[in-house]
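Notes to accompany the following structure.
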Amino acid sequence: MNLPWTTAWVTGASSGIGRELSIKLANQGVKVAASARSAHALEEMARLNPNIVAVPVDVSDSDAVAAAYQRISTQLGRIDLAVLNAGVWYPMEARDYDIAKVAQSIAVNYMGIANALAPLIPDMIAAKKGHLALVASVAGYRGLPKAAAYAPSKAAVISLAEVLRLELLDHGVIVSLINPGFVETPMTDVNDFPMPYIIRADDAANRILAGLKRGKFEIAFPWQLVAMLKLLRILPNALYLRLAGRL
């Protein structure tokens, strides 16, 4: 796969989709700044390929993200591709509503992306090129059981990606929205419910890279789960709530 990027920044890179993406990009010659909170996991991954640079950061800390961005820009140069992938998942029903978990979900899943966009957007506009990839989830399509903290944070990312795609296209900046279904990662290991059409993280990374290379707006998979949830998305509220309640 011939890739159009020279440098990339991947957040949430210490495990799962972020790790697989970082390794695949690096193996194809892209200089990758890999970020996550776990410095040890990042350094271990960086030893696999000299194209990977470990840049530990807590994406919920705006000052730390700005400092990490400056370090990456100094060390690797202008970022061509940013895959903003850091996320947390807390299964939570309404009866177990936990404001601390809700706050962290928003801080990481939404504000973690916003914090990275703050320095990325003006630099890409100035360069008149760049590719921003925001990782949300099919869980952001509609309210789903056990997702009282997660689904709203991902719905916000979907909305943000739509706004940015409209407003940045004329500036030469491509915006992509990544909506995975269930993927085998440490995040989904905690789930005690069926996960239909679950796929491996390396499979997810391949699908994402293929979609990003084509400049697609939405990269969503697997198609069976996406089709089912997109149908639920367009149903009238009364019908949706009746069907979802039965499920």
Side-chain angles (χ1 to χ4, degrees), residues 1 3 8 10-25 27-28 81-92 105 108-110 113 131-162 165 174-235 239-240 243-247:
M1 189 187 295
L3 299 181
V10 181
T11 65
S14 60
S15 64
I17 293 173
R19 185 178 190 276
E20 292 296 328
L21 276 173
S22 298
I23 292 171
K24 289 178 186 298
L25 285 164
N27 286 345
Q28 295 180 63
L81 169 69
V83 182
L84 307 178
N85 167 71
V88 293
W89 152 248
Y90 297 112
M92 187 198 319
S105 297
V108 176
N109 297 351
Y110 181 76
I113 288 176
H131 196 154
L132 297 169
L134 283 58
V135 179
S137 166
V138 296
Y141 289 156
R142 276 212 95 143
L144 296 172
K146 295 196 175 183
Y150 187 74
S153 69
K154 294 301 187 178
V157 174
I158 291 172
S159 179
L160 176 61
E162 291 170 348
R165 178 76 174 200
I174 299 169
V175 176
S176 293
L177 168 65
I178 301 168
N179 284 326
F182 294 112
V183 179
E184 291 177 3
T185 68
M187 187 182 291
T188 56
D189 284 346
V190 304
N191 292 344
D192 59 358
F193 52 83
M195 293 179 280
Y197 310 111
I198 189 167
I199 64 172
R200 299 187 313 275
D202 65 326
D203 185 4
N206 285 333
R207 297 180 192 216
I208 290 168
L209 279 180
L212 291 176
K213 186 184 174 187
R214 290 162 51 199
K216 286 187 67 176
F217 171 59
E218 185 180 15
I219 303 162
F221 52 84
W223 70 265
Q224 300 96 324
L225 185 60
V226 171
M228 188 187 313
L229 291 173
K230 284 202 170 185
L231 174 61
L232 292 177
R233 193 182 193 185
I234 63 174
L235 291 179
L239 181 55
Y240 164 70
L243 286 174
R246 288 177 183 173
L247 290 173

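Being a predicted model, the structure only gives us computed values, none of them experimental.
Between the side chain of Arg207 and the backbone N or O of Phe221 there is no donor-acceptor pair closer than 3.5 Å. One N or O on the side chain of Ser176 and one on the backbone of Lys216 form a donor-acceptor pair closer than 3.5 Å. Between the Thr11 side chain and the Asn85 main chain, a donor and an acceptor come within less than 3.5 Å of each other. Remark: side-chain polar atoms of Ser105 are not paired, donor with acceptor, to backbone N or O of Tyr150 under 3.5 angstrom. Remark: side-chain polar atoms of Arg142 are paired, donor with acceptor, to backbone N or O of Leu235 under 3.5 angstrom.
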I'd like to know whether Arg19 forms a side-chain contact (heavy atoms from CB on, under 4.5 Å) with Ile23, so could you lay out the CA-CA distance, the side-chain angles of the two residues, the decisive distance to 0.1 Å, and finally the verdict.
CA-CA 6 Å; Arg19 185 178 190 276; Ile23 292 171; 3.4 Å; yes
Starting from the C-alpha separation in whole Å, work towards a yes-or-no answer on side-chain contact (heavy atoms from CB on, under 4.5 Å) for Leu21 and Ile208.
CA-CA 8 Å; Leu21 276 173; Ile208 290 168; 4.0 Å; yes
For a side-chain contact (heavy atoms from CB on, under 4.5 Å) check, start with the C-alpha distance between Gln28 and Leu209, then their side-chain angles and the critical distance, and finish with the verdict.
CA-CA 11 Å; Gln28 295 180 63; Leu209 279 180; 4.2 Å; yes
side-chain contact (heavy atoms from CB on, under 4.5 Å), that's the test. Do Ile178 and Glu218 meet it? Break it down for me.
CA-CA 6 Å; Ile178 301 168; Glu218 185 180 15; over 6 Å; no
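Pairing each heavy atom of Glu20 with each of Asp202, the nearest pair is OE1-CB, 3.5 Å. The shortest heavy-atom contact between Tyr141 and Leu229 is CD1-CB, 3.7 Å. The two residues Leu25 and Ala8 make their nearest non-hydrogen contact at CD1-CB, 4.1 Å. Counting all heavy atoms, side chain and backbone alike, Leu212 lies closest to His131 at O-CE1, 3.2 Å. For the pair Glu184 and Ala201, the tightest heavy-atom approach, listed with the atom from each and the gap, is O-CB, 3.8 Å. Closest heavy-atom contact between Ala136 and Ile158: CB-CG1, 3.7 Å.
Using a 4.5 Å heavy-atom threshold, the side chains of Val135 and Val157 count as separate.
In this structure, the separation between CG on Leu3 and CG on Leu81 is 9.0 Å, given to the nearest 0.5 Å. One distance of note links CD1 of Ile219 with NZ of Lys213; it measures 13.0 Å at 0.5 Å rounding. Note that NZ of Lys146 is 8.0 Å distant from CH2 of Trp89, once rounded to the nearest 0.5 Å. One distance of note links NZ of Lys154 with CD1 of Ile113; it measures 6.0 Å at 0.5 Å rounding. Here the OG atom belonging to Ser159 is positioned 7.5 Å from the OH atom belonging to Tyr110, to the nearest 0.5 angstrom. Here CD1 of Ile198 is found 4.5 Å from OG1 of Thr188. Values are rounded to the nearest 0.5 Å.
Around CZ of Arg233, the count of heavy atoms belonging to other residues, nucleotides or ligands within 6.0 Å exceeds 12.
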